[in-house]
Every structure is written in structure tokens, then in C-alpha cells.
Amino acid sequence: MRVLKFGGTSVGSVANINQVIKIVSQEAKNDRICVVVSAVGGVTDMLMQCGLQAAKKEDYNPVFKELETKHLQFVSELVPNDSEAVEETQGLLNDLNSLLNGIYLINELSPKTVDKLLAYGEILSSSIIARAMYAQGLDAARKDSRDLITTNDKHTKAGVNYKVTNSQLDYYFAKAKQQITVLPGFIASSATGETTTLGRGGSDFTAAIVAAALDVDQVEIYTDVSGMYTANPKLVKQAKPIESISYHEAMELSHFGAKVLYPPTIVPVMSKNIPIRIKNTMAPEDAGTLIHNKEGISDNPIKGLSNINNIALLTLEGGGMVGIPGISKRLFETLSNQGINIILITQASSEHSICLGVMEEDAGKAKNAIDEEFQYEISLNKIDPLSLEIGLSIIALVGDQMKSHQGISGKMFSTLGKNNVNIRAIAQGASEKNISAVIAQKDVKKALNSLHERFFEAQRKQLNLFITGVGNVGEKLLNQINQQQEYLKKHLNINLRVLGLSNSRKMLIDENGIDLDNWKALLEAGEPATLDGFHEAVVNQNQRNSIFVDITANADVADMYGKYLKQSVAVVACNKIAASSEFSKYSELKRLSKAYNAPLLFETNVGAGLPIIDTLNNLIASGDRVNRIQAVLSGSLNFVFNNFKSGESFHDVVQAAKAEGYTEPDPRIDLSGVDVARKILILARESGLKINLEDIANEPFLTEKNLNSTDVPHFFETLKEDAAHFEKLVADAEAKNHRLKYVAQLDNGKASVGLQSVPEGHPFYDLKGSDNIVLFFTDRYPEQPMQIKGAGAGGDVTASGLFADIIRTATY
Ligand code: ADP
Ligand code: ASP
Ligand code: MG
């Protein structure tokens with residue numbers, strides 16, 4: 001004998017029922033089969049809705065009609081031309097309608113009536129399915145579970161009388177002749193013959209009760225997913241079916257919300273050591289999950305994650321609680337008297353407060369009862385009125401083996417912390433099969449995904465990018481990402497996705513990742529952009545490992561970093577404004593980055609893609625001390641002075657540099673040295689100095705007239721007018737066989753920028769094109785400095801510098 005249970009979705013359409021029949025007919029070739037069926041998917045909820053409407057004297061007819069049409073259509077398609085089937089189904093529907101009418105008339109829906117009402121779901125489905133099997137030539141007959149399963153009269157969640165039930169089941173199946181018996185799940189009857197139900201989701205339980213009574217080899221629960229997963233697959237895409245799991249683990253997971261199995265199901269089969277196999281009706285060839293008495297052998301002590309939503313946290317607190325025995329007893333008794341189920345308990349060892357998790361629907365009742373119970377203590381101010389918080393969820397890590405592994409809760413909490421998930425309460429069962437935390441319901445998806453990544457995808461990390469600024473550099477970065485995505489997955493186990501894009505006009509968010517082959521058109525069709533709107537969208541996405549990437553040169557964008565960091569969103573910027581703003585701003589951002597565990601990286605602020613800041617940070621982290629930095633940090637100035645020879649026009653060289661995109665749109669920012677000063681400022685700060693832009697000595701090589709020019713065209717005019725000044729600079733240098741270089745220095749805590757003429761043989765002398773060079777003189781590199789040299793400007797290298805920062809966030 002085998003017991004197979006098919007859930008609501010499995011019998012949710014004609015095609016699915018035919019699939020069920022196919023599976024059953026296959027299995028019935030070798031053995032007698034007991035098939036337990038649920039109501040057609042969604043029907044139990046619809047019945048409840050009708051009942052509630054009727055009890056409120058509302059019109060339940062539209063929903064009832066829908067139920068009627070659905071079932072009659074199933075009959076006409078599954079058992080065509082069978083008037084008896086139509087008659088039976090119509091008869092049941094008529095009875096149902098009379099019941100609803102009765103509820104409507106008396107204006108009341110008692111638990112007893114709820115059971116009568118909901119039972120129609122399984123009664124109808126089992127009747128139609130049994131007939132359909134018979135019509136397709138199977139030796140199938142239906143039997144009403146109410147004749148076989150006897151319970152107490154605790155309506156809506158009745159307790160089974162196993163003694164009576166087992167003998168009834170034994171007796172019936174010993175005599176039954178048919179190969180296939182179809183039983184309605186979920187329903188039973190009390191000793192007095194009233195219809196009862198076993199609790200929502202209870203068809204699983206029916207199957208287990210039958211299996212245990214008949215002592216079968218295995219129960220098979222067919223559902224709409226291929227087993228019990230490492231987390232709810234509807235919330236965590238990366239979740240995987242668990243191959244093998246112990247009864248205790250499965251019970252714990254289902255208690256904490258893994259709906260795939262109704263928790264009491266385990267009880268009857270566990271005592272008889274009958275395994276449960278969870279399988280997928282639509283993919284019966286998949287192995288599914290085996291639930292049995294063995295603790296699985298796996299390297300991972302965690303078996304799965306689960307969550308329960310709609311939780312309320314009750315906190316009883318007060319100085320008067322300390323040392324007084326009996327407070328907890330009174331608290332628990334009060335809740336028990338109200339029939340309120342406590343899902344989680346924590347008490348600090350100070351005994352100053354007790355925290356309880358209950359379902360939100362029970363919270364109001366709980367608060368009234370507890371405040372009343374402790375009325376006297378509250379009036380004396382010994383205990384505060386109960387505090388109540390709603391909108392919460394419990395998430396749990398489950399695994400029998402957790403007890404023998406250290407550091408799991410640490411990893412759990414640090415992962416949640418890193419992703420800005422606030423933990424309201426924590427509980428760990430003494431058996432250590434479960435660690436649970438109470439968090440805001442809005443954070444559940446992110447929490448489950450980050451924990452899943454941490455515990456089940458050890459190596460695979462997802463990075464979620466939100467990019468602002470898609471000009472030249474931005475476009476290059478997107479191309480590089482598009483090209484490298486597969487490589488990163490394969491070789492670095494990084495899943496890099498772009499979820500948000502914006503320019504100054506439009507913004508686009510896609511939680512599944514923006515198609516990078518088509519981003520321009522998609523962005524163009526996006527919503528109007530605002531900085532706050534984009535920030536809000538990033539926050540609403542609430543994705544783990546989120547990174548805000550700033551590829552603008554805009555001060556308002558830089559002003560947003562703090563807001564992102566406070567949400568634990570990492571910031572990667574090539575925009576120099578934040579890192580070179582007042583020291584207080586810079587250090588506040590650094591503080592936020594630390595406090596919220598969110599990387600703040602701006603490698604491309606200095607030397608584009610060259611690893612200058614990273615090297616500096618590594619030198620310092622490894623205990624070296626930077627004594628002097630000498631650098632050529634302006635690609636634009638280098639380009640200008642590499643091309644400016646005696647006898648040529650300085651004006652023309654600058655104009656050419658501008659035309660080729662080597663300077664800022666306003667070349668004065670480069671030529672005045674401000675840009676280089678900002679860069680050495682950043683290096684000075686990263687080496688530990690508290691300094692500001694005003695502290696940097698800047699001896700300009702431009703003339704007063706140049707510096708006082710009113711706008712860019714005027715500036716170019718003044719370059720022509722002062723041509724002699726520039727000619728002299730270059731001629732003097734050439735006379736000594738020197739070359740002009742714009743140099744930034746940090747020496748003994750003092751920073752300066754200015755034009756220098758460097759002799760042949762100097763490391764700067766042969767610097768080509770727009771290359772940058774940095775020399776670090778440190779304790780460990782005293783004479784021969786550490787040198788970093790290479791292209792210091794250009795879209796591609798800047799984009800790859802940003803790319804490197806993005807990847808760096810993954811290792812934080
Ligand atoms: P049935 O109608 O077959 O009884 P249920 O809807 O009761 O099916 O249970 C199956 C559903 O349980 C899945 O579709 C999935 O959404 C949900 N679920 C929640 N947690 C898990 C988990 N850890 N593994 C598998 N499914 C889960
Ligand atoms: N039909 C019932 C419910 O929806 C029982 C079940 O499907 O397991 O709760
Ligand atoms: Mg179910």
C-alpha cells in the first residue's frame with residue numbers, strides 16, 4: 001500500500017488533474033494506492049470568503065458562482081457525458097449554497113460552521129477526481145475521510161483520536177477491494193459525527209495519519225515545487241531542493257513558515273519511522289526531498305531558512321520585575337487562557353524584560369489581557385504597560401548540526417547587520433536546532449537572500465549596482481560589465497547586476513537586472529529623474545550588496561553619499577567632490593562607511609584606473625609610513641606640456657587639448673592647478689592627514705590676467721595676449737635641457753602643487769602623453785620609491801578603475 005497526497009495546485013486545473021491521474025496510474029501498477037487530495041487550489045480561501053461575506057450579510061453570490069462554474073467545468077471536461085457526475089456535483093453545490101444562505105440568515109459563522117463550509121472544497125475535489133480516474137479506466141473509488149478519521153470537537157484545528165482512527169482505517173482498507181482509494185484531505189469528524197477539519201494546510205496531515213495507521217513504507221506529498229527547499233523558492237531564487245532532511249529539521253522549518261509541509265504531518269509518521277518524500281507533480285522525475293529519521297550527512301550544518309510574517313512583538317518591561325518569581329508564569333498563563341500561541345520567547349538575564357512573538361491577529365487581545373493581569377504592578381509603576389510592535393517577521397536558520405558548530409549566530413547577525421537589517425529580538429532553542437530573529441517584515445526578502453548567499457552559496461555573491469551618470473565613462477563601464485558578467489560568474493563567483501541607471505533627465509529601475517544590450521532605449525523610456533527619487537528607489541529595492549556608483553562631476557550627487565551609506569549601500573565614485581570637500585564632510589562619510597559597514601571607494605579620483613589609493617591604503621595597513629609623495633597627476637597638464645615646445649603657441653596647445661577631451665570643459669580648472677590640488681589633497685588625507693584645500697600651496701603658472709578671465713572664450717583670449725609669458729617658461733626649461741611638468745608633492749605633512757622643470761634622468765622626465773606617475777617614499781621604500789605609472793585619464797581606464805572598486809566591495 002502506498003499513500004500519495006496531491007495539493008491544491010496539483011489539482012488546480014484539468015491538465016494538472018490529468019497529470020495526477022497519470023502519476024497514480026503508473027504507481028498503481030505495482031501496488032494499491034491511497035490518494036489523498038486537497039481542494040482545488042484557491043477554493044478553501046474562496047469558501048471562507050463566501051462564509052465571511054454571508055455572515056456580514058454581504059452578497060456572496062459572485063464568489064459562489066465562480067466556485068460553481070469552476071467545479072462544473074472540471075466535471076464536463078474530466079468526466080464528459082456523465083449525468084450522474086453532474087448531478088452529484090450540482091447536488092453538493094446546492095447543499096453548499098443552502099449552507100451559505102443559512103449563514104446569511106443567522107448572521108453568524110461559528111467555528112463548527114466554518115468546518116462544515118470548508119469541507120466542501122475537499123468533498124467536491126475528491127468526488128470529481130475519483131470519477132475522473134474511474135472514467136479513465138482505473139480501478140478507483142472514493143471514500144469519505146469523515147468515516148475514517150475521528151477527532152475531538154476542537155473545530156478548525158481538531159485533534160486526532162488515533163486509537164479510533166487507526167482501527168477504522170485498518171478495518172476499511174483490509175476490506176476494500178479497489179486498487180485506488182481517493183480520500184478527501186483536511187476533513188474528519190468528531191465522535192458525535194460533526195464535520196471537523198485538521199487546520200489549514202491539513203491535507204498533508206491526512207496523508208500522514210493514513211500512512212501511519214496502515215504502516216506503509218513511505219508517504220509521498222506531491223506539490224508545486226520539487227521538494228523542501230533551502231528557503232522558500234518564491235522569495236529566494238537561488239534556493240535549492242534539500243535532498244535529505246531529518247524529521248526534526250523538517251518540523252522546525254515548517255513550524256517557522258515553510259508552508260510546503262503542514263507541521264503536524266511529521267508526528268504520526270515519525271513515531272513509526274515512515275519516511276516522507278516531497279515531490280513535484282509537474283516534474284515527478286525530480287528526486288524531491290526525503291524526510292526521515294537520519295540527520296543528513298552534509299558539510300553544511302544549516303539545512304534551511306524560513307520565515308513567518310505578520311508577527312507582533314510584545315515586551316513586558318519594568319524595574320519591578322527583577323527577582324520577583326512568577327511573572328513569566330502569570331504572563332504565559334494569561335496568554336494561554338486567551339488561546340494565544342507564543343511563537344518566540346526571549347528574556348535577558350537581567351530579568352528586566354521579557355519579549356514574546358505572537359501572530360499579529362492575536363496582538364490586541366494579548367495586550368488587553370496582559371495589561372489587565374498586571375494592572376496592579378502597572379499602577380505602582382513597577383511594570384510598564386505592555387509595549388506592542390507590529391509589522392514584523394521571524395526568520396529562522398534550521399539545522400540539527402548547528403549545535404556542534406561555532407560562530408553560526410555570529411555569521412547570521414553580521415550578515416544581517418551588513419545589509420542594514422535591524423534585529424529586534426533573537427531566540428535560540430536550547431537544542432540549537434534553530435536560531436531565529438525578529439526583523440521588520442519589509443526586510444524579509446533581503447534578509448533571506450543575504451543569509452542564503454552566506455550559508456548556501458558560500459562562493460557566489462550578488463552585487464547590485466545603481467549607476468548615476470551614463471556619459472562617456474558610464475557608457476564604457478556598462479560595456480565592460482556587459483562583457484564581463486559571465487566571466488565574473490564563472491571565475492570569481494560574482495553575479496554582477498545593474499538594477500538602476502540614471503542621468504540628469506531619466507531614471508530606470510529593474511529588480512531583475514537591466515538588459516545591458518538595450519540600456520539606452522530603456523533609460524530613455526524611463527521615468528523623470530531626481531536625486532531623491534533615485535535614492536528612494538534604491539532604498540525601496542532593499543537589495544543586499546547594493547552599490548551606488550557616481551560617474552558624474554556633480555556636487556549635488558556627491559551630497560547624497562551620506563544618505564546611501566546610512567542605508568548600508570556602498571558608494572563607488574569617480575566624482576572627486578566629496579573626497580576633496582571640507583575635511584569634516586570627508587571624515588563624516590568615512591565614519592558612516594564604517595558605522596554602516598558600507599564601503600566608500602573612490603580610486604578613480606586620482607590617476608583614473610591606476611591603483612594609487614588602494615596601494616596607499618595597503619602600505620599604511622601593513623604598517624608602512626608614507627614620508628613623501630611626488631606625483632604628476634594631471635593627464636591634461638601632462639598632455640599640454642608634452643606638446644608645448646618653444647616657438648609654438650601655448651594657446652593652440654591648450655585649445656587642442658580641450659578639443660581632444662583632455663581637459664575639463666573649463667580648462668582653467670586644470671590649468672589653475674585646482675584639479676591636481678584636489679588629488680594630492682585626497683592622497684594626503686588617505687595617508688592620515690587632516691588637511692583642507694586651502695592648506696595646499698599652489699603657485700600658479702598662469703598670469704593674473706588668465707586667472708581673472710571672465711569666461712572660457714575670454715580665458716583663451718588672455719592666453720594669446722600673454723603668449724610671451726609661456727614662451728619664456730618653456731624656453732628657460734629647454735635652455736637647461738629640462739622639461740616642464742606639473743608636480744604635486746606631499747612632504748613632511750605639507751602639500752603643494754606647481755609647475756617644475758625636471759632634468760633628464762628624473763622619473764618624470766620621460767612621462768608620455770596623458771600618463772600619470774606617483775612616487776611613494778616610505779619607511780620601507782626610502783631611496784627607491786614605489787612607483788605607479790600609466791595612463792591617468794581616458795574613459796576606458798577610468799571605467800575599469802570604477803569596475804575594480806565595484807569588485808573590491810565584494811571582498812569587504
Ligand atoms: P500544496 O497546495 O501542494 O499543499 P502549498 O502551497 O501548501 O502546496 O506548499 C507549497 C508552497 O510552499 C510552495 O509553492 C512554496 O511557495 C512554499 N514554500 C515555503 N517555504 C518553502 C520551502 N522551504 N520549500 C519549498 N516550498 C516552500
Ligand atoms: N484545502 C485546505 C487548505 O487550503 C487543506 C490543504 O490544502 O492542505 O488549507
Ligand atoms: Mg499545503
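We count ligands from 1, going down the list as the structure has it; atoms in each ligand are counted the same way.
Listed for the N449 side chain is no donor-acceptor partner under 3.5 Å among the backbone atoms of V236. Between the side chain of Y262 and the backbone N or O of L198, at least one donor-acceptor pair lies under 3.5 Å.
Checked against a 3.5 angstrom limit, the closest N/O atoms of K5 and ligand 2 fall outside it. Remark: ligand 1 and S10 share no N or O pair separated by less than 3.5 Å (distance only, no angle test). In terms of polar-atom proximity, defined here as any N/O pair under 3.5 Å, G201 does make such a contact with ligand 2. Residue contacts with ligand 1: K5 is placed with a nitrogen or oxygen under 3.5 Å of a nitrogen or oxygen of the ligand (distance criterion only). Polar contact with ligand 2: present for E122 (N/O pair, distance under 3.5 Å).
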### Task
Quick one: do S450 and V421 satisfy side-chain contact (heavy atoms from CB on, under 4.5 Å)? Show the steps, please.
CA-CA 10 Å; S450 354; V421 176; 5.5 Å; no
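For ligand 1, the atoms sitting less than 4.0 Å from at least one non-hydrogen atom of D224 are 10 (C), 11 (C), 13 (C), 14 (O), numbered in the order shown with element in parentheses. Per-residue contacts place A231 under 4.0 angstrom from the following atoms of ligand 1 (heavy atoms of the residue considered): 23 (N). For ligand 1, the atoms closer than 4.0 angstrom to any heavy atom of K234 are 13 (C), 14 (O), 15 (C), 16 (O). Listed by number with element, the atoms of ligand 1 under 4.0 angstrom from any heavy atom of M228 are 24 (N).
With P233, A250, S203, A258 as candidates, the residue nearest to atom 27 (C) of ligand 1 on a non-hydrogen basis is P233.
For I423 against A437, the heavy-atom pair with the smallest separation is CG2-CB, 4.0 Å.
More than 12 non-hydrogen atoms from other residues, nucleotides or ligands lie less than 6.0 angstrom from CD1 of I345.
In this structure, R200 pairs ionically with D45, as a charged nitrogen and a carboxylate oxygen lie closer than 4.0 Å. Ion pairing between D95 and K116 fails under the 4.0 Å rule for side-chain N and carboxylate O. The pair K433-E252 fails the salt-bridge criterion, with no side-chain N (NZ, NE, NH1 or NH2) lying under 4.0 Å from an Asp/Glu carboxylate O.
Of the protein's non-hydrogen atoms, G8 N, 3.0 Å is the one closest to atom 2 (O) of ligand 1. Taking atom 7 (O) of ligand 2 as the reference point, the nearest protein heavy-atom neighbour is S38 OG, 3.1 Å. Scanning all protein heavy atoms for the shortest distance to atom 6 (C) of ligand 2 gives S203 OG, 3.4 Å. Looking only at protein heavy atoms, the nearest one to atom 1 (P) of ligand 1 is T223 OG1, 3.6 Å. The protein heavy-atom contact nearest to atom 26 (N) of ligand 1 is V260 CB, 3.5 Å. Scanning the protein for heavy atoms near atom 23 (N) of ligand 1, the closest one is Y229 O, 3.1 Å. In terms of protein heavy-atom proximity, atom 15 (C) of ligand 1 is closest to N232 OD1, 3.5 Å.
Using a 3.5 Å distance cut-off with no hydrogens or angles, the side chains of D204 and T265 do not pair a donor with an acceptor.
At least one heavy atom of G202 sits closer than 4.0 Å to an atom of ligand 2.
The side-chain hydrogen bond (donor to acceptor under 3.5 Å, both in side chains) test with E453 singles out one residue from K461, Q238, R544, and that residue is R544.
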